[in-house]
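Every chain is numbered from 1, with letters handed out A, B, ... down the list of sequences.
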There are 2 protein chains.
Amino acid sequence: MVTISDIAKSLGITPSTVSRALSGSPRVKESTRKAVEKAAERMGYERDEAASSLRRGRAKVVGIIVPRINREFFSNVIGGAESVLDNYGYSAIICQSHENTSDEIKALKTLRSNRVAGVLISHAIESTNGAHILENIDQGTILVQFDRVFSSIPGPKIISDNFRGAYEGTRHLIEQGYKKIGIIAGYMSSEAYAARLAGYKQALSDMGMEIDDEIIFYGSIVQKGGYEAGNIAIDKGCDAIFSTGDYTALGALQAAKERGLRVPEDFGIVGTADERFSALITPSLSSMAQHPYEMGRRAAQAFITSLKPEAKVGEVVVPMDLIARQSSTRTTI
Amino acid sequence: MVTISDIAKSLGITPSTVSRALSGSPRVKESTRKAVEKAAERMGYERDEAASSLRRGRAKVVGIIVPRINREFFSNVIGGAESVLDNYGYSAIICQSHENTSDEIKALKTLRSNRVAGVLISHAIESTNGAHILENIDQGTILVQFDRVFSSIPGPKIISDNFRGAYEGTRHLIEQGYKKIGIIAGYMSSEAYAARLAGYKQALSDMGMEIDDEIIFYGSIVQKGGYEAGNIAIDKGCDAIFSTGDYTALGALQAAKERGLRVPEDFGIVGTADERFSALITPSLSSMAQHPYEMGRRAAQAFITSLKPEAKVGEVVVPMDLIARQSSTRTTI
DNA sequence: GGATATTGTGCAATCGTTTGTATTTTTGCG
DNA sequence: CGCAAAAATACAAACGATTGCACAATATCC
């Protein structure tokens, strides 16, 4: 492995100058910088990140903590984040919380041990507040929250426009003529889900419709939960459902089909997140698209920006767009 | 940040003993080890990975290079690998090649710069041989290949039983009574795809059917390519297609539907990889399931095993299972 | 032209952990 | 009890890059 000392020797200068030249310090002459760069190139020099991290106290690495990596949404966020981090010479260590707080803490400890410069996190659904986050991250580390955030934790937050998204999705159902619209709402400990429920309610009341607590389904955010909620919704006389997730929407769709309801004629469905399968199933599922790749880019960008102590990023809101497909589009009515 | 020196001081011993105690060296007395562990716990010690990496010349990190992280298959491999690495105190740095060689090289350089202990890689489709891999990885780094491997590169390889899988998938179609079965074969520069084509051919010839080069479709492994291949296959009189990927199978399904063919009655389809959407679309898509999570676990396990210089892992073959769904199941014939 | 800025380099310490070798302590045994 | 062997610990030198401070070289000004 070639080191800066090797380069220094070959040029008859000292390691300090080489280091400064390579890191673009204004304290070296243009000509020496060129010479150093050429020598580094020629000799195949690659910075030893471990040594660099040790000396600087920070690694050129950011940790990304997500509930699960194999979720379309999160893997795209990661992809987006990496595309930005790459340009700035940062690597990413990916950690999964598997939706539970203890794994989240474990991940934070690993990252702290690695002296990461920043952490991008979307909270585990089990975490109801951010206390454990603040305890397990040290002062200098930049914390960026995305998607599932706690407003009690300061710092940049990249979120979807959950309120607006749910509002639009619900309004769309109303405009399609559905009369009794339930919602699969998720967990209220999550601000994202709470905002969606609020948007749903606002849409109903703006359009002069009644809000009925009986057809608000809290809890499970997986397909099975959606299936159960869908069945109850149908029992209660709903003719449509807005769901805060596509898996739950899929469950509701399954319930509707089993009960012999035609979708969208008899029963309308709009989900959230625009999972890959949503466009592919029959009937295709309408969904409020988030923009995970873009959110990842924004999160990484927020980290980069925050590296300068003066510049502070606040909340970045990424829009949600209605992708109207078959499950909610009554062509003739 | 508390260091081993702090612990040493508080116990009236030296850092070297603390280091050895914490790393489980047999050279420290049981009682001191206990004392050190307790002090470390009490003082909230966490090893500085950067310092450790620098001194040892190796980081407790493995790099995972995949074409794309947002592919169901790869994100599950990563999940599996992490589940194992975690138990051994290793972290993972994830890199994407975006299917091209230059990004693959870039990733290798980043990883080398980070002195990773190992690299788990599934090659970019653009890479037709492993020369650039060997050039950009240093001697001591353990290289484990999975899924898309080059047999020219020595070391552990975790692969699906591609030959057998394609063989079974094809045989299934034959047994369902399809008479002219095409194949969407992918790129022959990939050994995985080549093996699948071979399995397909073997199945045909074992079952006394003719192999027709006209209905072997090379190239594109995305939906559009499948769509085009599907159309040509139909033109050529095929009544079924075996596809080496689910996205291409989806394209073929789309083509069949557009041409007014009923699936599976008039046209049978079996894909490969069992993507999430495959079970959800209509008709549901039969597919040769790989076991990505398991492959990830095996790859990580191979790395761990290879840490001991004596133990060498060779080739690990993970079976592929036929998931027969609607697209290939003629209930009445 | 000489004193003072300005710019470019060198010196040397440091980050925290690991590990080969030296030294001390303990143990076992005649 | 004394001595050798074994066990436990201490010492000190790395690993490679960074950076505050000192110093040298050059430019600038009156």
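Looking at which nucleotide of DNA chain D each of A:P15 and B:S31 is closest to, the 5′-most match is held by B:S31. Remark on DNA chain D: of its neighbouring residues B:K29 and B:A51, the 5'-side contact belongs to B:K29, judged by nearest-heavy-atom nucleotide. For the pair A:G12 and B:Y45, nearest-nucleotide mapping onto DNA chain C gives the more 5' position to A:G12.
You won't find any donor-acceptor pair under 3.5 Å spanning the side chain of B:R58 and the base of C:dT17, going by distance alone. A donor-acceptor contact under 3.5 Å is not formed by the side chain of A:R56 with the base of D:dT19.
Ionic pairing of B:R297 and B:E82 is not present here: no N-O contact between side-chain nitrogen and carboxylate oxygen is shorter than 4.0 angstrom. Salt-bridge formation is not detected for the pair B:K34/B:E37: no Lys NZ or Arg NE/NH1/NH2 atom is positioned less than 4.0 Å from an Asp or Glu carboxylate oxygen. One finds no salt bridge joining A:E135 and A:K109 here, because no Lys/Arg side-chain nitrogen approaches an Asp/Glu carboxylate oxygen to under 4.0 Å. Between A:E49 and A:K60, no side-chain nitrogen of the basic residue sits less than 4.0 Å from a carboxylate oxygen of the acidic one, so the salt-bridge criterion is not met.
B:D48 places none of its side-chain heavy atoms less than 4.5 Å from the side chain of B:T3.
When the nucleotides C:dT9, C:dT14, C:dG16 are ranked by their closest atom to the side chain of A:R27, C:dT9 comes out on top. With D:dC15, D:dA17, D:dT9 as the candidates, the nucleotide lying closest to the side chain of A:S19 is D:dA17.
B:S52 comes within 4.0 angstrom of sugar-phosphate atoms only, judged by non-hydrogen atoms across all strands, and of no base. Among the atoms of the strands shown, base atoms are found under 4.0 Å from some heavy atom of A:R20. Note on A:S23: nothing from the nucleic acid sits closer than 4.0 angstrom, heavy atoms only. Among the atoms of the strands shown, only primed sugar atoms or phosphate atoms (P, OP1, OP2) are found under 4.0 Å from some heavy atom of B:T3.
In this structure, B:E49 places its CD atom 8 Å from P of C:dT18, rounding to the nearest Å. Per the geometry, CG belonging to A:L22 stands 13 Å off P belonging to D:dT19, to the nearest Å. The CZ-P distance, from A:R47 to C:dC15, rounds to 20 Å in whole Å. One atom, CD1 of A:I4, and another, C1' of C:dA12, lie 13 Å apart when rounded to the nearest Å. Atom C1' of nucleotide D:dC15 and atom CZ of B:R115 are separated by 10 Å, given to the nearest angstrom. Atom-to-atom, CG of B:L54 to C1' of C:dG16 comes out at 9 Å; the value is rounded to the nearest Å. Atoms CZ (A:R33) and C1' (C:dT9) sit 14 Å apart, rounded to a whole Å. At whole-Å resolution of the value, CZ in A:R55 and C1' in D:dG16 are 11 Å apart.
An OP1 or OP2 oxygen of D:dT9 is reached within less than 4.0 angstrom by no side-chain nitrogen or oxygen of B:T17. Using a 4.0 Å cut-off, no side-chain N or O of B:S53 falls inside it from OP1 or OP2 of C:dT17. The phosphate of D:dC11 (OP1 or OP2) has no side-chain N or O of B:S16 nearer than 4.0 angstrom. At C:dT9, one or more side-chain N or O atoms of A:T32 fall inside 4.0 Å of OP1 or OP2 (strictly under the cut-off).
Screening B:L307, B:V116, B:V61, B:V84 against B:Y90 for a side chain to side chain contact (heavy atoms under 4.5 Å, CB included) leaves a single residue, B:L307.
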